[in-house]
Structures are given as C-alpha cells and as structure tokens.
Number of protein chains: 2
Amino acid sequence: MPLQADHRVTISSSAENSDASGYVLEDQAGHLLRRAHQRHSAIFQATIGDDQLTPLQFAALMKLSDVAETSQNLLGRMTAMDAATMQGVIKRLIARGLIERRPDDVDRRRLLLTLSQDGAKLVRELSAHGRAITDQTLEPLSTSERETFLKLLKRLSGQ
Amino acid sequence: MPLQADHRVTISSSAENSDASGYVLEDQAGHLLRRAHQRHSAIFQATIGDDQLTPLQFAALMKLSDVAETSQNLLGRMTAMDAATMQGVIKRLIARGLIERRPDDVDRRRLLLTLSQDGAKLVRELSAHGRAITDQTLEPLSTSERETFLKLLKRLSGQ
DNA sequence: CCCAAATTGTTCGTATACAAACGATGCAGC
DNA sequence: GCTGCATCGTTTGTATACGAACAATTTGGG
C-alpha cells in the first residue's frame, strides 16, 4: 500500500469507520487543557516583559505580595506547587534577589519567605502585565463566555 | 509585629485594602488551567491502569491507532508536542516495544512510526480507560456544562 | 517521659516543555 | 549545477511536575 504523498499519513480502517474506539484525541478534556495551557505559556512569555521570569515564579511573587510573609510549604500550597517544585522555584527567585528567606523562630522546620525590595519593585512593575496576560489568554471569548468559562474551570480545578 | 499562630501568614496592607494590585492569583486563567491540568493528570494516573504510561505517551498511541502510520514530526504536530518532547516520548514508547519506527524511503529526513502488535493490543485494552478519564475529569459539570466548557476550551486552545 | 505519626524541606530520578543549535536532507530559483 | 532556505530529527540546557526517600523537628497520646 503506497503511502500518501506529502504528509505520509495512512488512516487506519478503524478511523475510516468513524473511529470505532470512540476516542478522539482532539475532543478530550486533558488534551485541550494541555493545549490551552501551552497557549497561555506562550502569551505569558511574550507579554511579561522579563524573559528570566516564568509563570510559576511570577505566581509565587504575586502571592507573596499579597501575604507579605509565609512559610515555603504554605506558599507552595497557595500556588499549587508541590514541595519539590516549590524548592526549585524558590531557589531561582532567591538567586535573582527577588525574595528573602529566614528560619521560623517558633517552628524550626519552617522557612519563612518575603519579597525583597527588588521583588516588590518587580511586582509593582509587572502586575499590569499579569492582568494583560489573562486578558489575552481569554481574548477569544466574550465577557459572558469568560465568566462562564472561569466558573466551570474553577470547578474542574478542585478549588 | 508578631506573626500569626499556626500558619505564619501575614497579610500585606495592599491585600487588606481589597488587593490594590487587582491581581488575584486564584482568578487567573493560567493558574486555573494549570490546576485543572494537574487534577486531570492525577485522574489519568489513577485510572489508566498502567503505571508506566503517561498522558503524552497515551496520546501518541491513540493518535497512531487512528492514522496507522505517520512521520514523527507530524505525530508531534497532531498531538501538540514539540520536536524535542516528541523525541523523548517516542524513545520511551520504542523502549517498551509499543511502537515501531522505520526510515521513509521517499524523504530520508523522515522517520515513520506505527503501532507494534503490543501497542495495538494496549490501545484496545485502554481505550475505555481513556474515555473514563475524560469523564471523571469533567465529572463536576453537567452534560450541558461539559458541552459549553469544551466548546470554549477549544477556542482557547488555538484549534 | 517516650514514642509513633505527622510536618517541613531537600534531594534524586524520571517525564514533560521548549528554545536554541546542529547535521542531514529536500526543494525551488537562478 | 549551485545555493539559500526550509524541513526533519537529535541534542543540550533550563524549568517545571511529582513520587519517593530521607533527615530534622513538632505534636499528641499512652
């Protein structure tokens, strides 16, 4: 059986018969969430205005600007990062001088984190970019569709 | 200022004033997409019935069962994986004996991929699990909400 | 007072995710 | 026929993502 020209794709007989397995990748929630997330990451990278900053680092900084000081573990839980991931994100933010860390006098297992002055400054500078990123991510939707989408997405986020 | 008991969280004054920066992490599309995707990955891991299989590998297998044979590059594009990622996923699927690879006689830059017999068998066995995963991911939504959500999510996926 | 269980944070290993660079190959235009 | 550009796949490096294991510390119950 010769392969088709150009793309070299051969459709299997089950696909020709309206996909007998009933599994269309393009319709699966997981696949679509991944793609939507990838598109969001690309918008973030193009819009944030600091090519050393990643979405996770930005989330940690923004949450720290809300709470002023918190433990590393709690920051991870507030930003949906597990302990190993949090450790790496914190390490890079400290290396950039954007946050500071001190042991908790009361519970010596804990480390307490705060924004440094540079971190606070960056947060003030990039907050508007953060909102623009969300806006651009949701750009294909009308105002009421955005509301509906976010409401449903929150229910799927386990929060 | 003494830290609060238990969680050691101090709310910054901007947060007390209804979050002056206007950036609430929990309301951002990017954050919510990430959490929804994490929840999906956890459901996948718990439901797929093969703890050596990852969502990306499963997607590649399911797409290959549709198309019978295709190039590595095209498979990557059909499953939203870039070339470097695809290379790693393919390597692991070949190592498990689930797919086979041969050079394209017509265009020697290309490699052509197909499911092996073991891969085809695994696809038959796990297709239903794949549909169950999507079902469980969308479980918090009613039927009409699912339809609405997927429609909107597709628009945000760039497809 | 002791001990088991839990919590916090680090490290390791594996799997994406993707930009950038590179080599091999193909193609179109001159 | 040659060349520039594009495509394909690999490799490298960095950043998550997360399970598992470990050490240090805390806590509550016996």
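Across the interface with DNA chain C, nearest-nucleotide mapping of B/Asp105 and B/His37 shows B/His37 to be the residue nearer the 5′ end.
Set against C/dT10, C/dC18, D/dC8, the side chain of A/Leu111 has C/dT10 as its closest nucleotide. Checking C/dT16, D/dT10, C/dA19 against every side-chain atom of B/Gln72, the shortest atom distance belongs to D/dT10. Proximity note for A/Leu56 (side chain, C-beta onward) versus D/dT16, D/dT12, C/dT11: the nearest is D/dT16.
Taking atom CG of residue B/Leu33 and atom P of nucleotide C/dA17, one finds them 14 Å apart after rounding to whole Å. Rounded to an integer number of Å, the gap from CZ of B/Arg34 to C1' of D/dT16 is 9 Å.
The phosphate of D/dC18 (OP1 or OP2) has no side-chain N or O of B/Ser41 nearer than 4.0 angstrom. One finds no side-chain N or O of B/Gln52 lying less than 4.0 angstrom from the OP1 or OP2 phosphate oxygen of C/dA15. Residue A/Arg108 places none of its side-chain N or O atoms closer than 4.0 Å to OP1 or OP2 of C/dT8. For the pair A/Gln57 and D/dT16, the criterion of a side-chain N or O lying under 4.0 Å from OP1 or OP2 is met. In this model, the phosphate group of D/dT16 is not approached by any side-chain N or O of A/Gln87 to a distance below 4.0 Å at OP1 or OP2. Between B/Thr54 and C/dT16 there is a side-chain N or O to OP1 or OP2 distance below 4.0 Å. Close to C/dT10, at under 4.0 Å from its OP1 or OP2, lies a side-chain N or O of A/Arg101.
Put simply, the side chain of B/Arg109 and the base of D/dT7 share a donor and an acceptor less than 3.5 Å apart.
For the side-chain hydrogen bond (donor to acceptor under 3.5 Å, both in side chains) test with A/Gln72, the passing option among A/Arg110, A/Arg77, A/Gln87, A/Arg101 is A/Arg101; the others fail. Shown are A/His37, A/Lys154, A/Arg155; of these, the side chain to side chain contact (heavy atoms under 4.5 Å, CB included) with B/Leu32 is made only by A/Lys154.
Side chain of A/Arg39 to backbone of B/Leu156: a donor-acceptor contact under 3.5 angstrom is found.
A/Asn73 comes within 4.0 angstrom of the backbone, heavy atoms only, and of no base.
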